[in-house]
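A quick write-up on the structure given underneath.
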Amino acid sequence: MGRKNGKIKVKLSAMAKREERWALLFVAAPAIGFLLFMLWPIIFAFLTSLTTWTGAKGFAGMLDRFCGFDNYVKLMTDTKFWKTVLTTVIYLIGIPVGMILGLTLAMGMNKKIPGVRVLRTMYYIPVISSLVAVSILWAWVYNYDYGLLNVIIKTLTGMHGPNWLGDEVLIKVSMIIFMVWKGLGTSIILYLAGLQNIPRSYYEAAMVDGANGWQQFRNITLPLLSPVTFYIVITTLIGGFQVFVEVQVMVANGGIGYSAATIVFYLYEKAFESYQLGYASAIAIILAIIIFIITLINFKMQDKWVKTID
C-alpha cells in the first residue's frame, strides 16, 4: 500500500490480480455479445434504412444506393403499412383478455383440489409447444369445410359455421383467440407464483376486519399482484408487436385483403420477397421506436400502480 497525490494506492497480490483478470473476462463476454448481436445489428439496420439496397453487390451495393430519409417519408404515406399497424394494435386486445382469464384460472388452481397439478401442466403445454405446429393445428380447427370448430357448430345448431379465416373481421377474431390460448399458460404460471407469494396473514387480518371476498381481492390480491401484472404487460406488449409466425402459417398472403397481416409480416415480405432491404429496415426501426416508447411509458407509470409486499 502506498500514497500518491494524497490518495492511497493499494497494491494487489498476484492472486488478486488473477481474480481481477478473470472477473474482467467474465464481464467482457456479455459485453462483447451485446456489441456483436445487439448494438451492431441496430446500427447496421439504421444505416440500411437510409438506402434502397436490395442485397445485390454486397455492402458496396448498399453504399451506392444511399437515399437519406426517403424510406421513412414513403412509410408515412404507405397505406399498407398503416393497415398492418392497425391490425397489430387490434391483436393487442387479446392481452387484457388473456390476463383476465389467466388470473381467474390461477386463482382456481391456487386451491387444493384433486388433479390441480395435471391442470397446470395441461394449460402450460401450449407455451412449450412449437408455434409452427400449433399454428398448423389451429388452421385445421378453423377450416371452413371440415374444421373441428365448424363441425361442432353444425352438430349443435344444424347450420354450417362461418369462414373463420376467409372473412376480414372474423380472421382477426380467430387470430386473437389463438394468441390468447397460446399465451394463457404463461399468465397462469406467473399469477400462480404471485398468489402463492402473498402472505396468508393479510387475508386473515382482512377477514377479522369483516372484509368479504371481493374486498379482499380488490384491496389485497390485485395490488400485490401488480408487479406480476406489470411484467406480463411489458413482455406481452413487446411480443404482440412482433407477431409473425401465426400469420405466416395460418393464412396465405396476409389474409383476405391483407386483413391479418402484421407489421413484422409486412417487413418480412418487403425484405425477403420484394428484396427491398432498405425499406424493410426502415419498418424495423419504426417498430423498434414504437416498442421502446410504449415500454418507456409503462416504466414511467409503474410507480402509480405497481405495489410491492413490504
(message) Within the structure provided, determine whether M107 and L192 are in side-chain contact (heavy-atom separation under 4.5 Å).
(response) no
(request) Kindly give the heavy-atom pair with the smallest separation between K307 and S226, and that separation in Å. (result) N-OG, 2.6 Å
If you look only at distance, which donor and acceptor atoms sit under 3.5 Å apart when one is on a side chain in residues 144-161 and the other is two or more places apart or in another chain?
from	atom 1	to	atom 2	distance (Å)
N150	OD1	W164	NE1	2.9
N150	ND2	Y144	O	3.0
N150	ND2	P162	O	3.1
T155	OG1	V151	O	2.7
T157	OG1	I153	O	2.6
T157	OG1	M159	N	3.2
H160	NE2	Y144	O	3.2

(request) Determine whether N110 and Q196 make a side-chain contact, defined as any pair of heavy atoms from C-beta on separated by less than 4.5 Å. (result) yes
(request) Could you tell me the separation between the OG1 atom of T51 and the CZ atom of F66, rounded to the nearest 0.5 Å? (result) 9.0 Å
(message) Please verify the inter-ring angle class for F265 with F244; under 30° counts as parallel, over 60° as perpendicular, anything in between as tilted.
(response) tilted
(message) Treating W82 as the side-chain partner and L75 as the backbone partner, does any N or O pair qualify as donor plus acceptor under 3.5 Å?
(response) yes
(request) Decide yes or no on side-chain contact (heavy atoms from CB on, under 4.5 Å) for V306 and M301, but give the supporting numbers first. (result) CA-CA 9 Å; V306 177; M301 294 179 63; over 6 Å; no
(request) Go through the steps for T221 and Q216 under the test side-chain contact (heavy atoms from CB on, under 4.5 Å), then give the verdict. (result) CA-CA 7 Å; T221 306; Q216 292 177 39; 5.6 Å; no
(message) Hydrophobic clustering (ILVMFWY, side-chain heavy atoms < 4.5 Å, transitive) - are M76 and Y72 grouped together?
(response) yes
(message) Could you check whether atom CH2 of W305 has more than 12 heavy atoms from other residues, nucleotides or ligands sitting under 6.0 Å from it?
(response) yes
(request) Using only heavy-atom distances, determine whether the side chains of D78 and Y279 contain a donor-acceptor pair under 3.5 Å. (result) yes
(request) Of all the heavy-atom pairs spanning V264 and F241, show the shortest one and how long it is. (result) CG2-O, 3.6 Å
(message) Please check: side-chain N/O of R120 versus main-chain N/O of I189, any donor-acceptor pairing under 3.5 Å?
(response) no
(request) Go through the steps for Y191 and T229 under the test side-chain hydrogen bond (donor to acceptor under 3.5 Å, both in side chains), then give the verdict. (result) CA-CA 8 Å; Y191 274 129; T229 301; 3.0 Å; yes
(message) Within this structure, what is the CE-CG distance for the pair M250 and L137, rounded to the nearest 0.5 Å?
(response) 9.0 Å
(message) Between I125 and V141, is there shared hydrophobic-cluster membership here, with clusters defined by ILVMFWY side-chain heavy atoms closer than 4.5 Å?
(response) no
(request) Please confirm whether the backbone N or O of K270 pairs with a side-chain atom of E273, one donor and one acceptor, at under 3.5 Å? (result) no
(message) To the closest 0.5 Å, what do you measure between NZ (K300) and OG1 (T295)?
(response) 13.0 Å
(message) Applying side-chain contact (heavy atoms from CB on, under 4.5 Å) to L237 and L92, what does each step give before you reach the verdict?
(response) CA-CA 7 Å; L237 275 174; L92 297 180; 4.1 Å; yes
(request) Report yes or no: does S259 contribute a side-chain atom to a donor-acceptor pair with the main-chain N or O of G255 at less than 3.5 Å? (result) no
(request) Would you check if L131 and S135 make a side-chain contact, meaning some heavy-atom pair closer than 4.5 Å? (result) yes
(request) With rounding to the nearest 0.5 Å, note down the distance linking CG in L225 to CG in L190. (result) 10.5 Å
(message) Same cluster or not: V245 versus V247, using hydrophobic residues (I, L, V, M, F, W, Y) connected whenever any side-chain heavy atoms lie under 4.5 Å apart?
(response) yes
(request) Determine the interplanar angle of the F230 and F299 rings, folded into 0 to 90°, and report it as parallel if under 30°, tilted if 30 to 60°, perpendicular if over 60°. (result) perpendicular
(request) Pick out which of T48, L50, I42 makes a side-chain contact (heavy atoms from CB on, under 4.5 Å) with F46. (result) L50
(message) Looking at every heavy atom in both C67 and T52, which two are closest together, and how far apart are they?
(response) SG-CG2, 3.8 Å
(request) Write down the atom of L165, the atom of S174, and the distance for their closest heavy-atom approach. (result) CD2-CB, 4.1 Å
(message) As an exercise, state the distance from OG of S187 to CD1 of I232, rounded to the nearest 0.5 Å.
(response) 4.5 Å
(request) Assess the side chains of T262 and Y91: does a donor N or O sit below 3.5 Å from an acceptor N or O? (result) no
(message) Ignoring hydrogens, what is the shortest heavy-atom contact between I90 and I176? Give both atom names and the distance.
(response) O-CD1, 3.6 Å
(message) Just so I know, are the side chains of V85 and T88 near enough to count as touching, which here means a heavy-atom distance under 4.5 Å?
(response) no
(request) Apply side-chain contact (heavy atoms from CB on, under 4.5 Å) to the pair D167 and I256, showing each step before the final yes or no. (result) CA-CA 7 Å; D167 181 87; I256 301 297; over 6 Å; no
(request) Inspect the surroundings of CE in M122 and state if more than 12 heavy atoms from other residues, nucleotides or ligands are less than 6.0 Å away. (result) no
(request) State, without any angle test, whether E269 and Y258 hold a side-chain donor-acceptor pair at a distance under 3.5 Å. (result) yes
(message) Are there over 12 heavy-atom neighbours, none belonging to F44, within less than 6.0 Å of that residue's CZ?
(response) yes
(message) As an exercise, state the distance from CD1 of I177 to NZ of K172, rounded to the nearest 0.5 Å.
(response) 14.0 Å
(message) Could you report the tightest heavy-atom contact between N298 and I294, atom names first, then the distance?
(response) ND2-O, 2.8 Å
(request) Walk me through it: do Y142 and F178 pass the test ring-ring contact (aromatic ring centres under 6.0 Å, His included)? (result) CA-CA 10 Å; Y142 285 132; F178 168 66; 8.0 Å; no
